[in-house]
Amino acid sequence: MQNPFEYSSDIKRYHTWNYHLRKKFGCKVFKVSLNGGFTCPNIDGTKGRGGCTYCSSSGSGDFAGNPEEDISVQFEQVKESLHKKWHEAKYIAYFQAHTNTYAPVERLKACFEPVLRKPDVVGLSIATRADALPEDVLDYLEDLNRRTYLIVELGLQTVSDEIGERINRCHTYEEFLEGYRKLTERGIAVCVHLIVGLPGETKEMMLESARKVAALRPHCVKLHLLHILKGTRMAQEYQEGKVRLLSLEEYVDIIVSQLELFPKETVIQRLTGDGGRDSLIGPLWSLKKFVVLNEIDKEMIRRDTVQGKKYEEVFS
């Protein structure tokens with residue numbers, strides 16, 4: 001049976017992260033999630049306080065290493081736990097928690113350089129905000145990009161400034177575009193994060209976010225399911241009836257519609273989101289990650305569609 005999508009070696013009808021890495025490096029590559037102990041301009045008062053309303057105290061680094069440990073110790077601990085599943089693999093060091101360019105360059109170097117020297121580390125992934133990219137940090141990122149496979153992950157979540165204000169994002173879509181431009185002008189690959197299911201957003205608004213990001217032709221995107229974690233401000237809003245969670249069927253419909261909009265060359269790093277079993281309030285169906293991914297595959301087959309099917313139609 002001929003594969004219906006050219007950027008795939010299995011039944012997937014979208015450009016998976018695993019496919020991209022195997023093509024680039026010739027083997028299995030996995031991310032080693034680390035916590036550099038950074039904070040965020042949306043926490044310390046520079047832009048806001050309390051962080052985004054959905055963000056946990058770990059700053060979206062719930063599965064990252066222990067920030068009390070040295071970075072090298074974290075790396076070995078997380079790597080070994082993943083090696084139980086993949087015995088022979090290479091690694092991308094992933095600085096996941098909070099804003100990982102929000103510090104002096106020397107502080108960044110103290111985190112990034114030790115892991116780059118480790119055997120079989122082939123790349124670096126740095127999660128940050130578009131408004132935390134001063135010129136000296138950009139110079140350092142450009143240097144890193146010459147030495148390793150670098151991806152800078154920018155959390156956009158939505159192109160709607162109204163929704164951004166509601167979730168206490170504390171930066172605008174225009175600020176995102178400026179940060180994105182600064183990175184891509186220096187040849188740095190960007191992964192854009194979008195959240196599906198934010199309070200107040202309609203399906204059309206979520207598709208508009210996908211359309212505007214697709215027009216940028218980013219190297220990668222992450223499409224996250226909104227999930228509510230204990231201890232967050234959104235958890236309180238949910239308890240007060242101010243947040244409605246998507247059903248699995250609604251989520252699959254929106255994700256497939258978004259995938260049709262992205263150019264086929266854009267790598268899809270993630271198609272869902274999940275919290276720890278002990279911290280997740282909902283939706284509980286998100287705990288069954290493979291069920292979610294299988295439902296997305298089935299819906300793409302049912303529609304006889306692939307990633308990018310509507311890209312040329314929309315942008316021609």
What distance do [X] atom [atom1] and [Y] atom [atom2] have between them, rounded to the nearest 0.5 Å?
X: L229; Y: H227; atom1: CG; atom2: NE2; answer: 4.5 Å
X: I163; Y: R166; atom1: CD1; atom2: CZ; answer: 6.0 Å
X: T101; Y: L133; atom1: OG1; atom2: CG; answer: 4.5 Å

- Message: Count I, L, V, M, F, W, Y as connected when their side-chain heavy atoms are under 4.5 Å apart, and connections chain through other members. Are L21 and Y19 then in the same cluster?
- Response: no

- Do F75 and Y149 belong to the same hydrophobic cluster, where Ile, Leu, Val, Met, Phe, Trp and Tyr are linked whenever their side-chain heavy atoms lie under 4.5 Å apart, directly or via other members? no

Crowding at [atom1], [X] (>12 non-hydrogen neighbours, <6.0 Å):
X: E165; atom1: CD; value: no
X: K118; atom1: NZ; value: yes
X: K310; atom1: NZ; value: no
X: E162; atom1: CD; value: no
X: K28; atom1: NZ; value: yes

Return the minimal non-hydrogen interatomic distance between [X] and [Y], and the atom names on each side.
X: R129; Y: C40; value: CD-SG, 3.7 Å
X: V159; Y: S209; value: N-OG, 3.1 Å
X: K47; Y: D131; value: NZ-OD2, 2.7 Å
X: F38; Y: T99; value: CB-O, 3.5 Å
X: R270; Y: T272; value: NE-O, 2.8 Å
X: G36; Y: R107; value: O-NH2, 2.8 Å

Non-hydrogen side-chain atoms of [X] and [Y] separated by less than 4.5 Å:
X: I167; Y: M234; answer: yes
X: V292; Y: I255; answer: no
X: D10; Y: F5; answer: no
X: H15; Y: T266; answer: no
X: E113; Y: L144; answer: yes
X: T232; Y: T53; answer: no

Before accepting this row, confirm whether a basic side-chain N of the pair [X]/[Y] lies closer than 4.0 Å to the acidic partner's carboxylate O.
X: R186; Y: D139; result: yes
X: D297; Y: R13; result: no
X: E175; Y: R169; result: no

Under 3.5 Å side-chain donor-acceptor pair for [X] and [Y]:
X: T46; Y: D44; value: yes
X: E201; Y: S160; value: no
X: R303; Y: S257; value: yes

- Which of L124, V115, V32 passes side chain to side chain contact (heavy atoms under 4.5 Å, CB included) with Y91? It is V32

- Test side chain to side chain contact (heavy atoms under 4.5 Å, CB included) applied to L177 - qualifying residues, sequence neighbours left out: Y173, E174, L216

- Query: Taking Y311 as the fixed residue, which of R211, K264, R217, E260 is the one that meets the side chain to side chain donor-acceptor pair (under 3.5 Å) rule?
  - Reply: R217

- Under the 6.0 Å and 45° cation-pi test, does K31 pair with Y94? yes

- Aromatic Y140 / basic K109 pairing, under 6.0 angstrom, 45° off normal: yes

